[in-house]
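Read the structure below first, then the notes.
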Amino acid sequence: MDDYGDESLLEFERALANRGTGDYRLRLYVSGSTPRSSKAVANVRALCERHLAGRYELEVVDLYQEPHRAKECQVIAAPTLVREQPIPTRRVIGDMSNEEKLLLSLEIAE
Amino acid sequence: MNEDFLDDGTWNLTLYVAGQTPKSMTAFANLKRICEEHLPGRYNIEIVDLMKHPELAQEHQIVAIPTLVRKVPTPMRKVIGDLSNTERALVGMSLVPRNDF
């Protein structure tokens, strides 16, 4: 069998092993409990419930409370939503009010 | 006789994808599950990523993603989609479910 088939197979095997149950793992970084932050959190929660019910994990990280966590995903603006799983990772910056754009960026509901 | 045919009845399956997306991951996961259940110990899965090797799409006549191609046993069979519908996938692969005689 040619090499290209095996190389991608390995990558997919690895990704599958990391994927767990196929759930989406999302992390939303906000800066403090401002109206903008609250709006972003509400929007993302609503989107998750509407499109990923039962198959997502959402973590909200307040960078005012835990500023050291900005570097784990190299967050430089807030709010930032990071899709950790499935890989490859994706990120979106903004108040998360455009659901359609968000779904596209996170590759949900193809 | 097709020189690719392996006497031990091993199936050679190729999954054509375009990058690692939720859909391609789902297709791969489903394919593995189906093979482990219906072809235990006698299958080979190969993944061809058309984003890395776009020239292969035309060469192997792939028009949709993901596409599963059964190369061995011949004749070739193709199944399009993420293989979530197991029954449809089995029919498409011409793999009769174990409890069907």
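Quick note on labels: first sequence line is chain A, next is B, and so on, each numbered from 1.
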How close do [X] and [Y] get, heavy atom to heavy atom, and via which atoms?
| X | Y | result |
| --- | --- | --- |
| A:S8 | B:D49 | OG-CB, 3.6 Å |
| B:G19 | A:F12 | O-CZ, 3.8 Å |
| A:L9 | B:I45 | CD2-O, 3.2 Å |

Hphob cluster co-occupancy, [X] + [Y], side-chain heavy atoms under 4.5 angstrom:
| X | Y | value |
| --- | --- | --- |
| A:V41 | A:V82 | no |
| A:V92 | A:V30 | yes |
| B:I80 | B:L90 | no |

**Prompt:** Does atom CD1 of A:I76 have more than 12 heavy-atom neighbours, drawn from other residues, nucleotides or ligands, at distances under 6.0 Å?
**Reply:**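 Open: at most 12 neighbouring heavy atoms sit under 6.0 Å from CD1 of A:I76.
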
**Message:** Taking CZ in A:R45 as the centre, count heavy atoms belonging to other residues, nucleotides or ligands within less than 6.0 Å. Is the count above 12?
**Reply:** no

**Fill in**
Interatomic distance, CD@A:E107 vs CE@B:M25, rounded to 0.5 Å, equals 12.0 Å

**Request:** Show the numbers, then the answer: is there a salt bridge (charged side-chain N to carboxylate O under 4.0 Å, His left out) between A:E13 and B:K32?
**Result:** CA-CA 10 Å; A:E13 290 279 20; B:K32 280 193 70 173; 2.8 Å; yes

**All salt bridge (Lys or Arg N to Asp or Glu O under 4.0 Å) counterparts of A:D95, not counting sequence neighbours** = A:K39

**Asked** Measuring heavy-atom distances to chain B, does A:R83 have an atom under 4.5 Å in its side chain, in its backbone, in both, or in neither?
**Response**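 Just its side chain gets close to chain B.
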
**Asked** Would you call B:K52 and A:E7 a salt bridge, using N to O less than 4.0 angstrom?
**Response**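 So B:K52 pairs with A:E7 through a salt bridge.
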
